[in-house]
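Contents: one structure, followed by commentary.
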Amino acid sequence: MLLIDVVRVSEAVTRTSARLGKIGHLAELLGRVGPDEAEIAISYLSGELPQRQVGVGWRTLEDIPQPKLAATATLTAVDELLSRIKAVSGQGSQAARRALVAELFAGLTSQEQQFMSRLLHGELRQGALDGVMIEAVAKASGAPSADVRRALTLRGWLPAVGAAALGGGVEALRAFRLEVGRAVSPMLAGSAPNVAAALEKAGTPAALEWKLDGVRVQAHRCGPSAVKVFTRTLDDITAQVPELVEAVLAMPSDDLVLDGEVLALRPDGRPHPFQVTASRVSSKTNVERLREQTPLSVFFFDALRVDGADLLDLPYSQRQEALAGAVPPGLLTPRLVTGDVAEAEKFFTDVVRAGHEGLVVKSLTSPYAAGRRGAGWIKVKPRHTLDLVVLAAEWGHGRREGKLSNLHLGARDPEGGFVMLGKTFKGLTDELLAWQTERFLELAEGPTDEWTVALRPELVVEIAFDGVQRSPRYPGGMALRFARVLRYRPDKRVEDADTVDTVRSLML
DNA sequence: TTCCGACAGTGGGGTCGCAAT
DNA sequence: ATTGCGACCCCACTATCGGAA
């Protein structure tokens with residue numbers, strides 16, 4: 001199959017707004033793709049590369065060769081070149097990588113070049129990713145989408161699941177098993193504004209678990225001496241977390257799959273800022289030295305397999321029993337089962353006072369269903385707000401093209417002027433986006449660069465955020481974490497906006 | 001007919017590893 | 001030694017579609 005066949009379908013998917021229409025276009029192509037090219041086609045059309053990352057970003061793609069006129073590139077040839085690019089990126093010069101990228105793009109038409117650029121950027125923007133592709137695989141193979149979804153949970157990679165479904169139908173899908181040592185797609189949580197709302201969603205009584213601000217880990221014990229650890233995106237971080245490996249090796253069972261969170265705690269037991277944990281977990285060199293300075297702790301909250309028994313389909317409460325039997329009590333995430341709102345709210349206050357992120361409220365009956373947010377797990381976190389001043393705005397991309405989208409936020413400096421604390425584009429409705437674009441252009445002092453418009457500091461906006469973190473980037477040495485717009489405050493003057501001192505007092 | 005769950009899109013700050021400067 | 005780039009940790013929120021109620 002030619003790359004252009006895939007590109008044409010992607011363009012048709014982009015033009016079609018109805019989800020069922022998108023699924024129809026994708027399924028049609030899956031119906032005519034050969035078995036050796038199915039993985040590549042499914043991968044590209046769900047917006048990812050079979051190689052995952054190949055070490056090519058926006059900078060590398062700034063200048064690419066003239067396009068060809070005739071579309072002759074085959075999927076397999078393109079895939080093979082991308083694998084070579086990845087290999088060179090792993091160990092080789094940038095010049096060698098650039099040469100291979102040039103070779104790839106020189107073989108593509110203009111239409112194909114645009115597709116490949118977006119794919120490499122991870123910005124296909126065709127309105128279809130895994131969720132839509134699951135349905136397309138189901139339609140093309142004749143298997144129920146629940147079976148496709150289930151196989152994806154166990155296998156963790158849709159192209160392999162899709163290729164199996166196209167080749168062997170529903171039986172091939174049902175042959176997928178949880179395999180110790182191979183990552184499973186993790187179950188994700190939805191969110192609620194407060195504990196009472198979360199309890200309502202999860203059903204009572206529910207389990208309340210501490211939400212720790214670290215890195216999600218899936219630990220596999222594969223036999224007497226082997227452990228593997230994966231992140232939420234299924235990357236292998238075993239070598240970076242020796243403490244966790246040792247903790248799992250010390251457990252009596254030698255056939256386990258556990259779900260948990262790893263984080264750095266201070267000697268007094270309170271958590272380090274997320275930045276400290278992230279730094280430790282992502283460091284690959286000097287791990288032994290680093291673990292002495294910043295040891296990691298792990299807390300498990302679910303068990304997918306214990307002593308060779310798969311537990312994914314069991315209700316939460318039964319998985320908890322298995323977890324408690326397999327993991328020492330000190331490595332269990334603190335939890336409380338209750339249906340009482342007052343008791344739950346006290347537990348929430350306690351966990352926040354202990355310095356942690358909040359709670360995850362879990363239905364006692366839900367199975368471990370990967371990939372689908374919001375079903376059985378609901379997270380709750382406290383919310384801070386500040387009244388800040390809009391200092392500048394950046395032009396948006398994609399569906400926000402032509403709109404001023406990303407706001408530069410500043411706190412008032414009592415000495416005069418403003419101190420930038422970060423940016424946000426979140427929380428804006430289309431209506432607000434249109435309004436602010438118009439209003440900003442009235443306040444514009446002129447462009448500071450290609451994307452940014454400086455504004456007269458006159459607008460006050462109420463911003464919600466999760467916390468203040470240390471920042472090497474901004475002049476005040478601090479930045480807001482997960483800032484989002486709540487509403488504009490036309491009733492407030494700039495003199496009423498919060499000051500940097502207020503923000504600094506929150507950074508404790 | 002209305003409601004709501006699931007999905008895709010739009011990007012945010014911070015940090016590491018690596019190659020080039 | 002520093003800088004630029006790519007990758008990936010953490011993540012909130014809105015718009016939309018289409019099935020459920």
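Side chains included, hydrogens not; waters and symmetry mates left out as well; all remaining heavy atoms used. The sequence lines fix the lettering, A, B, ..., with proteins before strands; numbering per chain opens at 1.
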* Between A:Arg125 and B:dT10, does any side-chain N or O lie under 4.0 Å from OP1 or OP2? ->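 For B:dT10, OP1/OP2 do have a side-chain N/O of A:Arg125 under 4.0 Å.
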State plainly whether the residues [X] and [Y] are in salt-bridge range, i.e. N to O under 4.0 Å.
X        : Y        : result
A:Asp498 : A:Lys492 : no
A:Glu288 : A:Arg291 : yes
A:Arg412 : A:Asp387 : no

Look at all strands and tell whether [X] reaches a base, only sugar-phosphate, or nothing, counting heavy atoms closer than 4.0 Å.
X        : answer
A:Thr424 : nothing
A:Asp430 : sugar-phosphate
A:Val281 : nothing
A:Ala479 : sugar-phosphate
A:Glu123 : nothing

* Considering residues at least two apart in sequence or located in another chain, which fulfil the ring pair (Phe, Tyr, Trp, His ring centres under 6.0 Å) criterion with A:Tyr44? ->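 Checked A:Tyr44 against ring pair (Phe, Tyr, Trp, His ring centres under 6.0 Å); zero matches.
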* Asked: Taking the six-membered ring for Trp, are A:Trp377 and A:Phe301 parallel (under 30°), tilted (30 to 60°) or perpendicular (over 60°)?
  ->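 Taking A:Phe301 first and then A:Trp377, their aromatic rings stand perpendicular (interplane angle over 60°).
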* Asked: In Watson-Crick or G-U wobble terms, both distances under 3.5 Å, what is the partner of B:dC7?
  ->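 Check on B:dC7: unpaired, no WC or wobble geometry under 3.5 Å.
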* **DNA chain B-proximal residues of residues 44-63 of chain A, any heavy atom under 4.0 Å** =>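 The stretch gives none, as no residue of it lies under 4.0 Å from the strand.
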